[in-house]
Undergrad: 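Can you keep this structure in mind? I'll have questions shortly.
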Amino acid sequence: MVKKVNKVLLAEDVYYPRASETKEFYMSVLLDRERERNIIVYSTEGGMDIESVAEHTPHLIFKEEIDPRVGLQGFQARKIAFNLGLNGEAFKQMVKFVDALYRAYVGCDASMFEINPVLKTSDDRIIAVDSKVSLDGNSLGRHADYAAMRDKTEEDPTEVEAGEAGLNYVKLDGNVGCMVNGAGLAMATMDIIKLSGGNPANFLDVGGTANAERVEKAFRIILKDPNVKAILVNIFGGIVRCDRVAQGIVDAYKNMGAIPVPIIVRLQGTNAAEAKALIDASGLNVHSAVLLQEASDLVKSVLK
């Protein structure tokens with residue numbers, strides 16, 4: 001895939017004279033959800049793929065577990081610097097670096113900080129040469145300055161468009177478009193598509209509102225993918241009534257004109273029977289289903 005480069009970052013060279021005296025380390029901070037602890041993962045083998053280090057030389061991977069209730073302790077930062085084989089001024093600088101890194105991780109509500117490499121220069125400075133940071137999107141309400149730094153030119157334009165329309169959309173590599181309400185139902189729908197011999201082309205959650213305008217926007221976004229050969233709509237009518245969703249689908253279809261791929265609609269919940277009757281009476285290239293197995297069979301038949 002060809003991607004347009006919009007910006008180029010120029011960084012100061014930190015590998016100055018006596019490069020033989022420099023040393024590269026790996027360090028990351030992330031959340032261990034199972035243990036409910038923050039973990040600092042570090043290694044003397046920086047500047048390379050950490051997965052390869054873990055596979056071939058696991059004894060060179062160190063971990064320091066931090067209780068978030070008390071934070072990083074001084075002895076833990078010193079232990080990290082010691083395990084990295086540092087001494088003298090480099091040792092002191094690494095202790096300061098680890099403390100600053102952990103405070104930054106907590107302070108910006110990150111889910112991951114990865115610094116690779118962390119460089120010890122020839123004059124014993126400790127520098128973050130390259131980094132990767134993942135922020136918890138749920139915390140952006142507390143960090144308006146971070147949200148303002150978002151660069152939409154570096155994101156998938158279709159995903160940006162969907163987000164602006166209030167739709168949760170992630171493009172995949174398959175041939176069957178998905179329109180659902182709820183993340184759990186979306187995962188089940190993608191499983192059904194796989195079992196029917198297809199591959200999901202996207203994850204698209206329309207949320208609790210599935211009116212004609214929202215459904216039409218969802219259809220248009222799904223159809224931007226030329227690989228889509230069919231669309232499976234799988235909606236559970238709890239908050240929203242199924243007959244209203246069905247009417248929204250019919251209205252959106254008519255408003256768009258001819259949709260070039262077959263649509264399979266499975267609506268369950270409040271007024272599901274009325275919804276199926278609306279779909280069946282529409283005269284459109286829309287197939288209705290009641291059970292997941294029916295939807296799967298219909299996907300299979302239209303993909304033949």
Undergrad: Are any of the side-chain heavy atoms of N202 and I222 separated by less than 4.5 Å?
TA: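 When only atoms from C-beta onward are counted, I222 and N202 do touch, with a gap below 4.5 Å.
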Undergrad: In sequence, state the C-alpha distance, the side-chain angles, and the governing distance for K152 and E164, and then conclude on salt bridge (Lys or Arg N to Asp or Glu O under 4.0 Å).
TA: CA-CA 11 Å; K152 294 181 181 179; E164 292 173 346; 2.9 Å; yes
Undergrad: Check whether any side-chain heavy atom of N234 sits under 4.5 Å from a side-chain heavy atom of L185, and report yes or no.
TA: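 Side chain of N234 against side chain of L185, heavy atoms only: contact under 4.5 Å found.
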Undergrad: Will you find, in the side chains of Y26 and E114, an N or O donor that is under 3.5 Å from an N or O acceptor?
TA: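 Judged by distance alone, the side chains do pair up.
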Undergrad: Can we say E161 and R220 salt-bridge, meaning some charged N sits less than 4.0 Å from an Asp/Glu carboxylate O?
TA: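 Here E161 does not pair with R220 in a salt bridge, since their nearest N and O are not under 4.0 Å apart.
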Undergrad: From L140 CG over to M149 CE, what is the distance, rounded to the nearest 0.5 angstrom?
TA: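 Spacing of CG (L140) from CE (M149) equals 11.5 Å.
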Undergrad: Do the charged groups of R266 and E294 touch, with an N to O distance under 4.0 Å?
TA: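 Here R266 does not pair with E294 in a salt bridge, since their nearest N and O are not under 4.0 Å apart.
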Undergrad: How close do T44 and F25 get, heavy atom to heavy atom, and via which atoms?
TA: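 Scanning both residues completely, I find the closest heavy atoms to be CA-CD2, 3.8 Å.
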Undergrad: Identify the two heavy atoms, one from A165 and one from R214, that lie closest to each other, and give their separation to 0.1 Å.
TA: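 Residues A165 and R214, closest heavy atoms: O-NH1, 3.7 Å.
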Undergrad: With no hydrogens and no angle check, do the side chains of D136 and S111 hold a donor and an acceptor under 3.5 Å apart?
TA: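 No - no donor-acceptor pair under 3.5 Å links their side chains.
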Undergrad: Measure the CD1-CD distance between I61 and E45 for me, rounded to the nearest 0.5 Å.
TA: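 Output value for this atom pair is 8.5 Å.
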Undergrad: Would one find more than 12 heavy atoms of other residues, nucleotides or ligands at under 6.0 Å from atom CE of M187?
TA: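 At most 12 heavy atoms, drawn from other residues, nucleotides or ligands, come within 6.0 Å of this atom.
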Undergrad: Counting only N and O atoms by type, is there a donor-acceptor contact under 3.5 Å from the side chain of D205 to the main-chain atoms of G182?
TA: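 Side chain of D205 to backbone of G182: a pair is present.
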Undergrad: Can you classify the ring geometry of Y105 versus F113 as parallel (below 30°), tilted (30 to 60°) or perpendicular (above 60°)?
TA: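 Perpendicular, since the angle between the ring planes exceeds 60°.
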Undergrad: Whether D124 and K92 form a salt bridge (side-chain N of Lys/Arg under 4.0 Å from carboxylate O of Asp/Glu) is what I want to check.
TA: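 D124 and K92: not salt-bridged.
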Undergrad: Can you see whether Q247 engages D251 through a side-chain donor-acceptor pair at a distance of less than 3.5 angstrom?
TA: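 The criterion, which ignores hydrogens and geometry beyond distance, is satisfied for D251 and Q247.
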Undergrad: Are the side chain of D243 and the backbone N or O of E274 linked by a donor-acceptor pair below 3.5 Å?
TA: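 Flag not set: sc D243 to bb E274 has no pair under 3.5 Å.
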Undergrad: Identify whether the distance between the nearest side-chain nitrogen and carboxylate oxygen of K120 and E89 falls below 4.0 Å.
TA: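 Looking at K120 and E89, the cut-off is not met.
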Undergrad: I'd like to know if K171 pairs up with E159 as an ion pair, taking the criterion as any Lys NZ or Arg NE/NH1/NH2 lying under 4.0 Å from an Asp or Glu carboxylate oxygen.
TA: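 Judged by the 4.0 Å cut-off on N to carboxylate O distance, K171 and E159 do not form a salt bridge.
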Undergrad: Side-chain contact, heavy-atom cut-off 4.5 Å: D280 with S288?
TA: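 Yes, side chains in contact.
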Undergrad: Can a donor-acceptor pair be found between the side chains of Y102 and N38 at a distance below 3.5 Å?
TA: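 Result is yes, a qualifying pair exists.
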Undergrad: State whether a side-chain donor-acceptor pair under 3.5 Å links N83 with Y42.
TA: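 Indeed, the side chains of N83 and Y42 share at least one donor-acceptor pair under 3.5 Å.
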Undergrad: Do other residues, nucleotides or ligands put more than 12 heavy atoms under 6.0 Å from D173 CG?
TA: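 Atom CG in D173 is not crowded, with 12 or fewer foreign heavy atoms closer than 6.0 Å.
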Undergrad: Quick check against the 3.5 Å criterion: does Q268 have a side-chain atom that pairs as donor or acceptor with the backbone of V290?
TA: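 Between the backbone of V290 and the side chain of Q268 there is a qualifying donor-acceptor contact (under 3.5 Å).
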